[in-house]
Student: 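Shown below is the structure under consideration.
If you read the sequence from its start, that first residue is 1, and numbering goes on from there. We count ligands from 1, going down the list as the structure has it; atoms in each ligand are counted the same way.
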Amino acid sequence: MADVSANVTIDSIMGRNGLEKWIDACVQLTKPAKIRWCTGSKEESNEFISEMLASGELVQLNPETYPNCYLHRSNPNDVARTEKVTFICTPTRDGAGPTNNWMSPENAAENVLPLFKNAMNGRTMYIIPYLMGAPDSPFAIAGVEITDSLYVVENMRIMTRIGNTALEHIRRTGKFSPGLHSLGDVNPDKRFIMHFPEDRAVWSIGSGYGGNALLGKKCLALRIGSNIGRNDGWMAEHMLILGMEDPQGNITYMAAAFPSACGKTNLAMLIPPEIQKNYKIWTVGDDIAWMRIGEDGRLWATNPEAGFFGVAPGTSYDTNPNAMDTSHSNSIFTNVALTQKNEPWWEGMTPTPPDGLIDWQNRPWNPENGPAAHPNSRFTAPTSQCPNLSPHYNDPKGVPISAIIFGGRRAHVAPLVYQSLSWNHGVYVGASVGSETTAAAEGKVGMVRRDPMAMLPFCGYNMADYFGHWVEMGKNIPNPPKIFHVNWFRKSADGKFLWPGFGENIRVLRWIAERANGRGEAVATPIGYMPANGALDLTGLQISDEAMAELTSIHKDEWLAETEDTGVFLNQFGDRLPAEIRAEFAAQKQRLS
Ligand code: OXD
Ligand code: MN
């Protein structure tokens with residue numbers, strides 16, 4: 001290890017010698033001026049918020065209309081997850097696989113750890129014990145995040161269960177995920193998000209952005225979590241969880257994976273249109289699902305988070321009233337615009353922008369400078385405030401999943417909905433998910449990239465082995481969920497969305513629930529089962545027959561090209577790709593030709 005500090009050993013900084021020694025090592029390394037343990041109390045939160053208001057790190061929003069809500073403007077160089085500096089540090093490159101950036105733990109200790117040296121000089125170190133999962137769930141996993149950012153502390157307070165509950169869990173189990181975070185000098189050239197699955201450890205430096213800095217979410221619950229799940233026989237997935245209640249009161253639970261910024265939060269909180277009002281959606285989670293085989297042989301899912309970190313633009317009382325209500329109090333808004341009434345605003349919140357907006361960079365808004373709110377601006381809001389929150393949200397055993405749904409943002413090719421022919425075909429469907437890129441991660445927006453199970457940026461080990469784990473799980477679940485694919489984003493030749501989306505998606509969920517419960521009319525096609533004529537309830541929907549025909553059409557030439565492209569993606573895994581996935585690929589090609 002490079003000369004970071006005489007007292008810092010790799011064992012201690014990885015947390016191998018326990019919590020106290022790890023904290024000592026972090027202190028020796030980063031040399032904070034003060035140390036503060038977070039207890040999770042309301043008083044502590046008030047104190048931290050006052051401090052941030054005084055320093056300008058937060059701006060208080062209108063206390064009448066947005067009580068206890070704040071605006072944070074981040075460094076303009078730090079507004080999204082940075083996948084190119086996100087590393088999986090397994091002993092061998094193969095452990096991380098071809099779709100992850102890899103660095104050896106030795107190399108990380110040599111080259112990245114020194115960036116933390118004296119990083120907290122003159123700053124306070126906050127120690128945040130936190131829990132992912134309900135406190136009395138046997139599946140909860142604890143972490144401790146050390147950070148020098150109060151913004152991170154207050155976001156972690158919303159997104160996870162922080163403080164003494166978590167500390168008790170750690171004392172009882174002796175286990176925790178050590179996460180060291182420092183803003184450093186918020187320099188993109190010295191920004192690294194490092195994961196060490198063998199130690200459940202995370203080091204993050206140079207960024208204060210959500211997915212890079214709130215270590216419980218993408219880092220622990222998905223990248224490290226997927227490793228723990230593989231070893232212990234469960235699944236950590238980038239999925240929302242919802243329950244759909246039918247008029248008879250039966251609830252069908254579904255988990256759905258979509259790449260970032262494809263409307264997961266909207267789907268999780270869907271409110272059906274008036275004509276479908278006898279159906280109701282219960283929200284369990286909007287981003288992450290941990291799924292285990294229950295004693296009854298079904299797959300049970302829990303949401304390990306305590307908050308929503310939702311994309312703001314496009315969210316409105318038309319598109320997602322539940323998200324609007326959830327985030328109207330006790331919430332933090334990041335990189336949104338500010339109105340003259342001191343309220344948050346973003347593109348799509350109202351049909352026209354109010355006068356006198358201040359943009360996300362604290363300038364009077366001039367459309368020539370781009371949107372008023374950053375396209376990846378966010379709200380951090382407590383799950384408990386969601387008006388249609390499922391009574392089972394905190395249930396330690398979770399909810400039984402009958403359907404798994406994959407989806408992407410595809411202007412062409414993918415039809416509105418189809419069902420896989422089997423579990424393994426469903427794994428292939430998930431492995432072939434493609435989506436147009438969005439602003440949630442840095443890079444060009446609008447390119448189709450393969451994003452298997454929406455886990456490309458979040459799978460913490462070799463993705464070929466991850467497909468293998470899915471195949472294995474299928475063998476072990478006596479009563480597995482049915483697997484589906486949806487696409488809300490198909491466009492006509494003149495570039496208009498064909499499907500109205502949002503609340504109307506209930507019509508598709510209804511067919512999915514019927515199929516999952518052994519009913520629902522379907523026809524077999526080369527890519528899977530599609531709704532039979534009349535099987536989707538379109539009553540009261542203004543949609544032309546041509547639009548419906550296009551939404552449910554499969555163009556063979558497009559699908560052959562799609563399958564070839566999936567093959568190119570899968571080929572990078574070489575011999576490590578499970579034989580079952582290879583066989584599904586061959587069978588799909590065969591059916592198409
Ligand atoms: C998120 C993401 O923030 O997927 O949830 O990017
Ligand atoms: Mn996400």
Student: Are more than 12 heavy atoms from other residues, nucleotides or ligands located less than 6.0 Å from atom CD of Gln60?
Tutor: yes
Student: Checking Tyr209 against Asn75: is there a side-chain donor and acceptor pair closer than 3.5 Å?
Tutor: no
Student: Would you tell me whether Asn68 and Tyr70 have side-chain atoms, one donor and one acceptor, within less than 3.5 Å of each other?
Tutor: yes
Student: Give me the ring orientation class for Phe573 and Phe467: parallel if the planes are under 30° apart, tilted from 30 to 60°, perpendicular past 60°.
Tutor: perpendicular
Student: Between Phe258 and ligand 1, which part of the residue brings a heavy atom under 4.0 Å of the ligand: side chain, backbone, both or neither?
Tutor: neither
Student: Considering both backbone and side-chain atoms of Asp287, is one of its nitrogen or oxygen atoms within less than 3.5 Å of a nitrogen or oxygen in ligand 1?
Tutor: yes
Student: Given a threshold of 2.8 Å, state how many protein N/O/S atoms are nearer than that to the Mn ion (ligand 2).
Tutor: 3
Student: Compute the minimum heavy-atom distance from Lys264 to ligand 1 and say whether it is under 4.0 Å.
Tutor: no
Student: Check each atom of ligand 1 against the heavy atoms of His238 and keep those under 4.0 Å away; list them by number with element.
Tutor: 4 (O)
Student: Do you see a donor-acceptor pair shorter than 3.5 Å between the side chains of Thr90 and Glu198?
Tutor: no
Student: How about Ser204 and Asn212: does a side-chain donor come under 3.5 Å of a side-chain acceptor?
Tutor: no
Student: Relative to the ring of Trp365, is the ring of Trp345 parallel (under 30°), tilted (30 to 60°) or perpendicular (over 60°)?
Tutor: tilted
Student: If only side-chain N and O atoms count, and only distance matters, is there a donor-acceptor pair under 3.5 Å linking Arg230 with Asn227?
Tutor: yes
Student: Can you sort out which atoms of ligand 1 are near Ser260, meaning under 4.0 Å from one of its heavy atoms?
Tutor: 2 (C), 4 (O), 6 (O)
Student: Heavy-atom distance under 4.5 Å between the side chains of Leu222 and Met455, does that happen here?
Tutor: yes
Student: Under 3.5 Å between some N or O of ligand 1 and some N or O of Lys217?
Tutor: no
Student: Only heavy atoms of Lys218, strictly under 4.0 Å: list the atoms of ligand 1 that pass.
Tutor: 1 (C), 2 (C), 3 (O), 4 (O), 5 (O)
Student: Using a 4.0 Å cutoff against the non-hydrogen atoms of Arg378, which atoms of ligand 1 qualify?
Tutor: 1 (C), 3 (O), 6 (O)
Student: Under 4.0 Å from a heavy atom of Phe458: give me the atoms of ligand 1 that qualify, with their elements.
Tutor: 4 (O)
Student: Between the side chains of Tyr461 and Asn100, is a donor N or O closer than 3.5 angstrom to an acceptor N or O?
Tutor: no
